[in-house]
Q: 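If you scroll down you'll find the structure; I have some questions about it.
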Amino acid sequence: MFACLYAPDFAVQAALLTEPPDLREGLRRSPMVVLEGPENLPRVAALNDAARKCGMEAGMTKLQVETCGGVLLRKRSEAEEDAAQAELVECATFFSPRVESTGAGTVLLDLDGTERLFGTPENTARKISVAARERGFDLRVAVASNPDTALYAARGFPGITVILAGQEARRLAWLNVELLPIGTEMLDTLHCWGIRTFQALAALPEVPLTERLGQAGLYLQKLARGAVHRTLVPIAVVQQFVESYEFDDPVETLESLSFVLNRLLQQICSRLMAQALSTNELRLTMDLAVTQRRVSNSGEQFQHDWKLPVPTQDGRMLFALVWLELERNIFSAPIKKVTLEALAVKPRTAQGNLFAPPSPDAEKLEMTLARIRGVVGGADAEGVSCVGSPGVVDTHKTASFEVRPFSSVREGLSKDGLGKDAAEKDRANLVPALLPTIALRVFRPPLETAVELNGQTPHIVCLWKKPGRVIAASGPWCSSGHWWNRAVTWVREEWDVALKTPAGIGFYRIYLDRVQKQWFVEGMFD
Amino acid sequence: MDASQLRSEIEKKLPSAFTAYTRTFRGSIPTGIAAIDSVVEGVPLHALTEICGSSLASSGKTSVLAALLAQATRERFCALVDASDSFDPESGYAAGINFSRVLWVRCGKSQAKLRPLEQAFKVTDILLQSGGFGVIAVDLSGMGERIVRKVPLSTWFRFSRVIEKQPAALVFLEQEPHATSCAGLVLRVQSEPTALSGKLFTGFDLKVEVVRHSAAKKPVRSARSGFTLKTQWA
């Protein structure tokens, strides 16, 4: 058996899906039209039953529609329709792995072998209808012994239709021939012959029909009799989790964006959950409505990626992450389109190591880090991150460091062979010190200072504009690097000095930058 | 109605109304410096600790913190909130800190609206709410003493109450103690006059004074201990 899911007035239903779930039912009963065409003369592309009752029809101009009053106008969006079609297909995949996306708002599925799961064809059709309604669709569902009979039954009859094998021609009898995939010329010919229903077409003698209309006519007759048995063309399931929304008018405030973002994320998460998947990488792309085109296109799009340490399906957590990032940014233009893309991965199947040290909750850690970044900023003026794990750099230049992404699951991953490089790097950084050593407190940036020399040795060093007498000095320790690149070359002469200060003796590291010919205080041993 | 009846009536509705509030200190993290660990058994968990020392003279407070982080990161994840961005990863590496278990937050480096001190306190709040860190160290010693002194006592009190419920140590590095009775342990570190000899700077002698230790049965007045810190190249 085959089932067909058909969403009448699909463009209207696709537009309705973007509305809040609690408002959909009310809007479904209100007259609503979808417009397309040029901005100055948009015409009705699709409308619902309520709009038809008000006298509207496809092809009317916006002005004509507005004269009817109380009608909801929506702009046709291919992205919305694609998303709705994907949603419809996904709904069908819950009932069968063999699903054909036949056309906009039409999906066929093979129900063979599903009887023990869903029961009789009537029960299956009812369950499909309920599942589709939960997703916001108002569907017609038909079940028949071949795909085409199910397709025309769904398009021709409201509600749920079940056609048993052998009853196809009788049940399809009173459907209009216009439902068939028929050209205008052939339709005119049939109308001239007085053929207006499936039954009339099915009753024509085959040979004369073929002589007059060719093989196409014979095929149409078989369709009208419900006697075409074709093979379903199942779609390949693409693991792509992309949701987008295009605003009718560009949005200027983040508050207006929050609802749309939340809904898109919830949709992605529900799709991930439906396929028992999670995501560890999320990408947000926002198209900005830039009125004055610039030389570069950099200002026309905002993009941000999130890489999570552990896969998640938590829509609320992802929304909080996105929201924290958006609050940190100021956009140069209103937002006209939002696209969210999630990379699907298998969820975590095992719990954390019982013998691992207590650590921050891996799933909440990214949000904590995002909140901290919201307070201290993402990176400093040199582009070094303000939040992360410290790391030493393999260089002779002193005070060099790096900041790596912080993660509480890195060690656990290394046991599985994943993230091996990071774990090895960490082990290299871990040097068990036998005795506590003196730490240096670094001044970033180094303090410019003036130094009086006694021969070659520093004698007086100014600290915050106050001269300090050098009690002892150790040096000079000369080093240089990057001599092959004049822009970043460095030559320095280091001294460790003990200065007499009002609070006691302070041990400082000073150096003479031979490129700038300037003394600096690098830090204090503390 | 006499006092005992009144008391029993109140206790029926509020069972702990007349119970004296006592702080409990369960466990500690050794600092790795024998001179300190022998006196206070390390930095207490569930409590706020202050390590104080001068910002002009070398006092050894940063070295004590590095030694503590080196010990703590063997078993726990730690956070270092660096209000003045003065942590030197090379020194931490030499001290033996496991960097993969340290979250380093550098305050005051971007065009953020808040001042570095406010950023540090806000980040500390976030980390306390997040949980999971064994040591949360907040380095305020690079901040001006006059600015830190303005931090209201209620802030310290709030921190001490929040950390009580977590198996973590909250350590502040400052020039002077500010948390008063909210602190479970207050250490003051300062360098001893050292006779400098030779051309190479190899280390200095330090003394640590336990100003306050709530876990001790008797109030500590002036438990002092001396130790020597060596440079990486000594």
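None of the values given here were measured: they were computed from a predicted structure.
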Q: Only heavy atoms, only distances under 4.5 angstrom. Which residues in residues 126-145 of chain B are near chain A?
A: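 Expected list: Ile126(B), Leu127(B), Gln129(B), Ser130(B), Gly131(B), Gly132(B), Phe133(B), Asp139(B), Ser141(B), Gly142(B).
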Q: Considering all heavy atoms of both residues, which atom of Pro390(A) and which atom of Trp104(B) are nearest to each other, and what is their separation?
A: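 Heavy-atom minimum between the residues: CB-CE3, 3.5 Å.
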Q: What pairs of residues pass the salt bridge (charged side-chain N to carboxylate O under 4.0 Å, His left out) test when at least one of them lies in residues 53-63 of chain B, not counting sequence neighbours?
A: Asp526(A)-Lys61(B)
Q: Using the rule given for side chain to side chain contact (heavy atoms under 4.5 Å, CB included), can you reason through Phe99(B) versus Val392(A), listing the C-alpha separation, both sets of side-chain angles and the distance that settles it, and then say yes or no?
A: CA-CA 9 Å; Phe99(B) 283 152; Val392(A) 288; 4.3 Å; yes
Q: Could you tell me which portion of Leu369(A) (side chain, backbone, both or neither) has an atom closer than 4.5 angstrom to a non-hydrogen atom of chain B?
A: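 Just its side chain gets close to chain B.
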Q: Under the salt bridge (charged side-chain N to carboxylate O under 4.0 Å, His left out) rule, what pairs show up with a residue in residues 370-396 of chain A, not counting sequence neighbours?
A: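 Counting only pairs at least two positions apart or across chains, the salt bridge (charged side-chain N to carboxylate O under 4.0 Å, His left out) contacts touching residues 370-396 of chain A are Asp380(A)-Arg106(B).
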Q: Quick one: what part of Ala57(B) sits under 4.5 Å from any heavy atom of chain A, side chain, backbone, both or neither?
A: both
Q: Check the surroundings of atom CD in Gln166(B): do more than 12 heavy atoms from other residues, nucleotides or ligands lie under 6.0 Å from it?
A: yes
Q: Could you check which of Ser58(B), Gly60(B), Ser91(B) has the highest count of heavy-atom pairs closer than 4.5 Å to chain A?
A: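 Winner by heavy-atom pair count: Ser58(B).
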Q: So which residue, Leu365(A), Ile372(A), Val387(A), ends up with the most heavy-atom pairs under 4.5 Å with chain B?
A: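 Answer, by heavy-atom pair count under 4.5 Å with chain B: Ile372(A).
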Q: Could you grab the distance from atom CZ of Phe507(A) to atom OG of Ser191(B), nearest 0.5 Å is fine?
A: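 Answer rounded to 0.5 Å: 6.5 Å.
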Q: Which atoms of Val403(A) come close to chain B, meaning under 4.5 Å heavy atom to heavy atom: side chain ones, backbone ones, both, or neither?
A: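 For Val403(A), the contact with chain B is made by the side chain alone.
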Q: Given heavy-atom pairs under 4.5 angstrom as the criterion, report whether the side chain, backbone, both or neither of Leu68(B) touches chain A.
A: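 Contact with chain A involves no heavy atom of Leu68(B) at all.
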Q: Please tabulate, one pair per line, all N/O donor-acceptor pairs under 3.5 Å involving side-chain atoms of residues 446-458 of chain A, not counting sequence neighbours.
A:
{"from": "Thr449(A)", "atom 1": "OG1", "to": "Cys462(A)", "atom 2": "O", "distance (Å)": "2.5"}

Q: Tell me, side chain or backbone of Thr501(A) under 4.5 Å from chain B's heavy atoms, or both, or neither?
A: side chain
Q: Taking every non-hydrogen pair under 4.5 Å, which of Ala379(A), Ala439(A), Gly506(A) racks up the most with chain B?
A: Ala439(A)
Q: For Leu56(B) and Trp464(A), run side chain to side chain contact (heavy atoms under 4.5 Å, CB included): C-alpha distance rounded to whole Å, both residues' side-chain angles, the deciding distance at 0.1 Å, then the answer.
A: CA-CA 10 Å; Leu56(B) 274 178; Trp464(A) 293 285; 3.6 Å; yes
Q: For Ser55(B) versus Met524(A), what's the shortest heavy-atom pair and its separation?
A: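 Where Ser55(B) meets Met524(A) most closely, the heavy atoms are O-CE, 3.3 Å.
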Q: Hey, could you give me the CD/SG distance between Gln119(B) and Cys386(A), rounded to the nearest 0.5 Å?
A: 8.5 Å
Q: Would the distance check show the side chain of Arg441(A) and the main-chain N or O of Ser86(B) forming a donor-acceptor pair, the cut-off being under 3.5 Å?
A: no
Q: Roughly how far, to the nearest 0.5 Å, is OG of Ser389(A) from CG of Leu80(B)?
A: 11.0 Å
Q: What is the minimum heavy-atom distance between Ser54(B) and Ala503(A), and which atoms define it?
A: OG-CB, 3.2 Å
Q: Would you call Phe87(B) and Phe401(A) a side-chain contact if the rule is heavy atoms closer than 4.5 Å?
A: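 The answer is no, as the side chains (C-beta and beyond) never meet within the 4.5 Å cut-off.
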